[in-house]
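This report refers to the structure that appears directly beneath it.
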Amino acid sequence: MAERRPRMSDNIDYKLFINGAWRLGSIGADLPLLNPATGHELGRVAVASATDLDDALTSAHASLLQWSNTPAGERGALLIRAARILKGKIDIAAAALSTEQGKTVAEAKGEYARAVEMLEWNGTHAAKTSAPYSIDERRIIVPEPIGVVAAFTPWNYPAVLNARKLGASIAAGCSVILKAAEETPSAGVYMIEALQEAGIPPGVVSLVFGDPPMISEHLLASPSVRAVSFTGSTPVGKQLAKIAARNLQRCVLELGGHSPVVVFEDADLSKAAWSISEYKFECAGQSCNAPSRILVARSIYKEFLAKLVRAAEKIRVGAPDDPETDMGPMANARRIEAMERLTKDAVDRGAKVETGGRRIGRPGFYWAPTILSNVHPESKVLREEPFGPILTVAAFDTIEEAIAEANDTEYGLASYFFTESPKVQKRMIRSLVAGAVSMNHLKGVSADAPNAGVKQSGYGYEGGVEGVRAFQNLKLVNGVKELLLSH
């Protein structure tokens, strides 16, 4: 078991960070932090009260003017320093994340490398994304910080998502209140510590934990908050959007997914099976971008299914700190219950379990990599986001059928396909309804690219220039004769 962070007090391992200082919650409440590999308690996490949230709002609002007027190049330089500080702590930070979340240490290190990349990219491009630019000889656009940002991040990829939201909003000149996941608090703490060591002024960033509904309701009730950034489930995202409508707060929502993979006759079947298995079972399948529905041309269906089953059965499930482990436990007991429910429903409707389909008999929250075939169209696993190590496989006869099946979901976050045919590639790119489409490989979104869902997968962009623009107002200035495009 990885050693956890030193305790910040006699009974609280993780504190709140408000107005430049670490502190306990004002009412002294805390939450247990569990190790998903054992089910045992790791430590305690401080809970923010309404008073703590008011203090965070006050300090964020008070720091906004000075921070927004800080030259964008200086803001960017601070993010780059923070990235370098965080990079120097990757080993200890990844060990803590692995212990709290259940992903392997190798996966956690990879996630922190992406988090560093997020901070660096936003830091490097801060001056450019904040600089005025011309439309024509008499009009310019002046990007200005939108104001205080309330950011909400989940437990599945907390380091990279904390960095994505903090990096863009800080680069834009906003102050941020980060409500990080209570299940993985170290990712928030290491991120804030890096920013603090880099010299972030008091109040520009705050970190809170606690009761998510209470925190979101309280923060969004404040007119000081002008933008909301949330990554999580579609139902929660809709609720946040409803609350944000009261004050017309801008929302950036990355929500659920149910991603298809279409495999055509001319695909490299071994490559496709290996790529799908590797990407799917990373983080025990707890990713909204992870593939969940595999559609295979009927002529190659049996051959591909056999290859995919073999690939899944080679996944070594075990303790996340064991270097031989490919897939660790699921994050909590709720995810195990969901896997049991979805698998039972599919089997009751006639599905065949090709491999897995069961909880692994050891302490902690372990579920075997699972592949289901002959799944009835009304099965819950085809309608709900599985968010776990379950794949369904079905055959198709025509490209029209494959496209219809791939798009037959309320979600639209990511879609994938495998084919060497340029004609089919063009058809699939045009036809798949998703925020991101990948061909002949499966990969996460990099720092320089905009990422967004469509349909019930959310709206607004994270990543790239568009991700910074999400936290800016673009002021139109008319009648300018001599353009002064400096910032």
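Because the structure is predicted, anything quoted here is derived from the model rather than measured.
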Handout entry: Residue pair Ser130 / Arg75, side-chain donor-acceptor N/O under 3.5 Å
Key = yes
Practice task
Return yes if a side-chain donor-acceptor contact under 3.5 Å exists between Asn35 and Thr99, otherwise no.
Solution key: no
Practice task
Give a yes-or-no answer on whether the side chains of Ser49 and Asp52 include a donor-acceptor pair shorter than 3.5 Å.
Solution key: yes
Handout entry: Atom pair CD/CG of Glu100 and Leu33 - distance to nearest 0.5 Å
Key = 5.0 Å
Exercise for the section: Examine the side chains of Thr409 and His258 and answer whether a donor and an acceptor come within less than 3.5 Å of each other. Expected result: no
Exercise for the section: Could you tell me which residues satisfy salt bridge (Lys or Arg N to Asp or Glu O under 4.0 Å) with Arg334, sequence neighbours excluded, listed by chain and number? Expected result: Glu183
Handout entry: For the student: nearest non-hydrogen atoms of Val149 and Cys174, plus distance
Key = CG2-CB, 3.8 Å
Problem - Trp22 versus Glu193, side-chain donor and acceptor atoms under 3.5 Å - result: no
Practice task
Check for a donor-acceptor pair, side chain of His125 on one end and backbone N or O of Gly123 on the other, with a separation under 3.5 Å.
Solution key: no
Exercise for the section: Please confirm whether the backbone N or O of Lys380 pairs with a side-chain atom of Arg341, one donor and one acceptor, at under 3.5 Å? Expected result: no
Problem - Gln456 versus Thr234, side-chain donor and acceptor atoms under 3.5 Å - result: no
Practice task
Decide side-chain contact (heavy atoms from CB on, under 4.5 Å) for Leu78 and Leu195; before the verdict, give the C-alpha distance in whole Å, the side-chain angles of both, and the deciding distance to 0.1 Å.
Solution key: CA-CA 8 Å; Leu78 185 145; Leu195 290 166; 4.0 Å; yes
Handout entry: Residue pair Arg250 / Asn473, side-chain donor-acceptor N/O under 3.5 Å
Key = yes
Practice task
Classify the side-chain pair Asp54/His218 by whether it contains a donor and acceptor separated by less than 3.5 Å.
Solution key: yes
Practice task
Taking atom types as modelled, find out whether Ser229 and Glu462 have a side-chain donor-acceptor pair closer than 3.5 angstrom.
Solution key: yes
Handout entry: N-O pairing of Glu144 and Lys475 below 4.0 Å
Key = yes
Handout entry: Student check: side-chain heavy atoms of Gln286 and Gln101 closer than 4.5 Å
Key = yes
Completion exercise
Rounded to the nearest 0.5 Å, the CD atom of Glu107 sits from the OG1 atom of Thr325 at a distance of 10.0 Å
Practice task
Please find out if less than 6.0 Å separates the ring center of Phe387 from that of Trp155.
Solution key: yes
Practice task
Check for a donor-acceptor pair, side chain of Ser206 on one end and backbone N or O of Ile18 on the other, with a separation under 3.5 Å.
Solution key: no
Practice task
Verify the distance criterion only: is there a donor paired with an acceptor across the side chains of Ser287 and Asn289 at less than 3.5 Å?
Solution key: no
Practice task
Look at Glu117 together with Arg164 and state whether they make a salt bridge at an N to O cut-off of under 4.0 Å.
Solution key: no
Practice task
Please check if the side chain of Asn407 supplies one atom and the backbone of Val433 the other of a donor-acceptor pair under 3.5 Å.
Solution key: yes
Handout entry: Lys/Arg cation over aromatic Tyr157: Lys103, 6.0 Å, 45° cone
Key = yes
